[in-house]
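Numbers restart at 1 for each chain; the letters A, B, ... are given by sequence-line order, proteins then strands.
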Amino acid sequence: MSNKKKSDKGITSRAEDYSQWYNELVVKADLAENSGVRGSMVIKPYGYAIWEKMKEQLDKMFKETGHQNAYFPLFIPKSYFSKEASHVEGFAKECAVVTHYRLKTAEDGTIVVDETAKLEEELIVRPTSETIIWSTYKKWIQSYRDLPLLINQWANVVRWEMRTRLFLRTAEFLWQEGHTAHATSAEAIAETTQMINIYAEFAEKYMAMPVIKGSKTEKERFAGALETFTIEALMQDGKALQSGTSHFLGQNFAKAFDVTFTDKTGKQEYVWASSWGVSTRLMGALIMAHSDDKGLVLPPKLAPIQVVIVPIYKSEEDLEKIRELVNGITDQLKEKGISFKFDDRDTHRPGHKFAEYELKGVPVRLALGMRDIANGNIELARRDTFEKKIFPQEGIADYIDNLLKEMQEAIFNKALKFREEKTHKVDTYEEFKKVLNEETGFILAHWDGTSETEEKIKNETKATIRCIPFDAPEEEGRCMVTGKPSNKRVLFAKSY
RNA sequence: CGGGGUGUAGCGCAGCCCGGUUAGCGCAUCUGCUUUGGGAGCAGAGGGUCGCAGGUUCGAAUCCUGCCACCCCGACCA
């Protein structure tokens, strides 16, 4: 009976069913919902507000490192798409294709495709924009003076995935994709490295989510890349989530699209390239990294509302007195650049509002009633720890300002502690399997460096090599499967 | 694409096996009164092409045939 009541008002607990917990949380916290189109979601205002905060910060970081935004078309002619062989192979199986450009009304009154309006050449809805961008860059780049070319675009892309999940994998998703061109290999690699560092900084400082930076193995590399760098985060169910990637493309795309430049010595050379991206999948990462059975837990830096104020009153006169006091407090919050909401709706009672803002992950909640007014106090509750305290109204804005910073750190530290507890070093394959089944999480183990072994491990355990961490210490060891020598440990996990 | 399942009010479901009043229930919505320091109570009201198209029948949400859509589990993926 109590369970039934719980499912009406609250959400399924993580222990009960992690995946259901996630789905219910996304819907009930008003972040997104499924649409009438398979695998495509509607991002609701509250969810979009979080995405906008992420976007705003990332955009700032890109611009600070010399990048500019531009916009390239949604449709890509099929012919462009087939120039870089390994790239096509990677995406061909999941492309939406436009074949006609007109509809008509059939005799029975239904709307049908007008077969006479067939396109000469089919258009591909972009699954990523390398091809259309590189065919444009060919026109933009002639001399070393045109380099480096540092461009980013914010866009939507479509990948016809078999199985989809809100934010984590949708058929259409929002992202940014950076595409840069350089005169030398070293510069392109430096760019690729710089961008993965920016992603890591964003993840850790803004999303409060610790990540491990590293290189992908050949098997897990982006289609058409020579090197893929990644940031990997650990979710609360012990699975890894690839949260951002940066690719060194070598001269593959330059050669495929014939993009050359004249260098200082007058020689014709192909340019060197990088591409990098993060998507609305970061929303999924943010949700799964911190949230609890009561709902969302948002790091203050990304919370659309940082402080909510709930009045507790019996009469209009009471509410007026509260409102006056609240105005004084919100003026101070405004000065400090803290976002807030005064929820004076008369249609819901305080308890309802408390639960609602916990579900939505608002970091700080203030409650103010006649009792507090009489004593010059205010009640403050923090979302991450549920700690509730009574404070004097005097100086509350300063206190909140510090508290938000403290919470940002506390949320990161909690996630970091969790990751450390869930990271295991193992030396034998038996131990590896045991940890995967009983503990889950990240596993650091020796690997012989071959795709065969990697494949075998994946088939037998479903775990993959998430990355070869940049900071992995040199260490003599033997591959846990084949016993061949290895000089560092790589990071394994089951992943999303 | 293989295996399983579901389509009935805005949402979640019952009814179907065994055909028969006016198709129910919970949540939500609307109105009124009382409430307001942890998801309010009572009273009343509105809301349906029963996924679509055929068929069987005096009669179909229920039986039959075909189609469509969606969900879950696998192989692929940010």
Side-chain angles (χ1 to χ4, degrees), chain A residues 4-11 17 19-20 23-24 27-28 33-40 89-95 108 110 127-128 156-165 167-177 199 216 219-223 228 230-233 240-247 275-285 294-295 310-316 318-319 322 343-359 365-375 377-379 381 386 388 390 458-459 462 464 466 495-496:
Chain A
K4 192 158 194 182
K5 195 174 177 193
K6 199 188 163 204
S7 70
D8 285 346
K9 302 277 167 132
I11 54 175
D17 187 337
S19 149
Q20 197 176 334
N23 285 331
E24 284 180 18
V27 172
K28 293 202 173 169
E33 62 190 32
N34 275 310
S35 71
V37 185
R38 195 202 75 96
S40 303
E89 211 181 300
F91 289 104
K93 285 172 287 180
E94 51 187 39
C95 285
D108 65 359
T110 58
T128 178
N156 57 338
V157 289
V158 169
R159 296 181 190 175
W160 217 262
E161 299 289 353
M162 284 304 178
R163 293 193 61 216
T164 59
R165 286 190 74 191
F167 288 119
L168 295 173
R169 191 177 306 108
T170 47
E172 177 187 358
F173 57 94
L174 306 183
W175 77 345
Q176 60 67 217
E177 45 182 328
Y199 288 156
K216 284 288 183 189
K219 214 172 99 50
E220 300 275 329
R221 224 172 259 159
F222 177 72
T228 289
T230 177
I231 51 171
E232 298 285 328
L241 186 74
Q242 178 175 310
S243 304
T245 47
S246 181
H247 315 287
S275 73
W276 28 274
V278 294
S279 70
T280 36
R281 178 179 248 201
L282 285 181
M283 292 285 294
K294 290 278 190 192
V310 178
I312 294 153
Y313 60 98
K314 289 195 167 63
S315 65
E316 253 323 298
D318 291 354
L319 181 57
I322 294 169
D343 187 355
D344 60 353
R345 284 178 300 172
D346 193 31
T347 51
H348 297 276
R349 296 167 77 201
H352 183 95
K353 294 177 185 174
F354 293 171
E356 183 181 333
Y357 293 110
E358 274 164 14
L359 187 57
R365 183 186 74 225
L366 298 175
L368 193 60
M370 299 317 283
R371 211 159 69 198
D372 304 298
I373 290 190
N375 302 328
N377 289 334
I378 193 159
E379 183 192 89
F386 295 110
K388 216 149 71 165
I390 307 288
K458 187 183 175 183
N459 291 338
K462 288 187 177 168
T464 50
R466 301 318 306 153
S495 78
Y496 276 94

Should the ring pair F173(A) and W175(A) be called parallel, tilted or perpendicular, given that the plane angle runs from 0 to 90° and is split at 30 and 60?
perpendicular
Residue mapping more 5' on RNA chain B - nearest nucleotide basis, S19(A) or F222(A)
S19(A)
Minimal non-hydrogen separation, Y313(A) against D344(A), with atom names
OH-O, 4.1 Å
Using whole Å, what does the distance between atom P of nucleotide U36(B) and atom CZ of R345(A) come to?
19 Å
Looking for any heavy atom pair under 4.0 Å, which part of the strands does N34(A) touch: base, sugar-phosphate only, or nothing?
nothing
Symbol by symbol from the 5' end, with Watson-Crick or G-U pairs under 3.5 Å, [ ] crossing and | another strand, RNA chain B is (((((((..((((......[...)))).((((((.....)))))).....(((((..]....))))))))))))....
State which of A78(B), G37(B), G39(B) makes the closest approach to the side chain of R349(A).
G37(B)
By the 4.0 Å heavy-atom rule, please label R165(A) as base, sugar-phosphate, or nothing.
nothing
Distance in angstrom units between K462(A) NZ and C76(B) P, rounded:
11 Å
Under 4.0 angstrom, heavy atoms only, what part of the nucleic acid is L168(A) near: base, sugar-phosphate, or nothing?
base
Any idea which of G37(B), U36(B), G39(B) is nearest the D372(A) side chain?
G37(B)
Which part of the nucleic acid, if any, lies within reach of K388(A) when heavy atoms closer than 4.0 Å are counted: base, sugar-phosphate only, or nothing?
base
Identify whether any heavy atom of M370(A) sits under 4.0 Å from a base atom; if not, whether one sits that close to sugar-phosphate; answer base, sugar-phosphate or nothing.
base
Phosphate contact (C77(B) OP1 or OP2) by R169(A) side-chain N/O below 4.0 Å:
no
Provide the distance between the two P atoms, one in C52(B) and one in U62(B), to the nearest whole Å.
11 Å
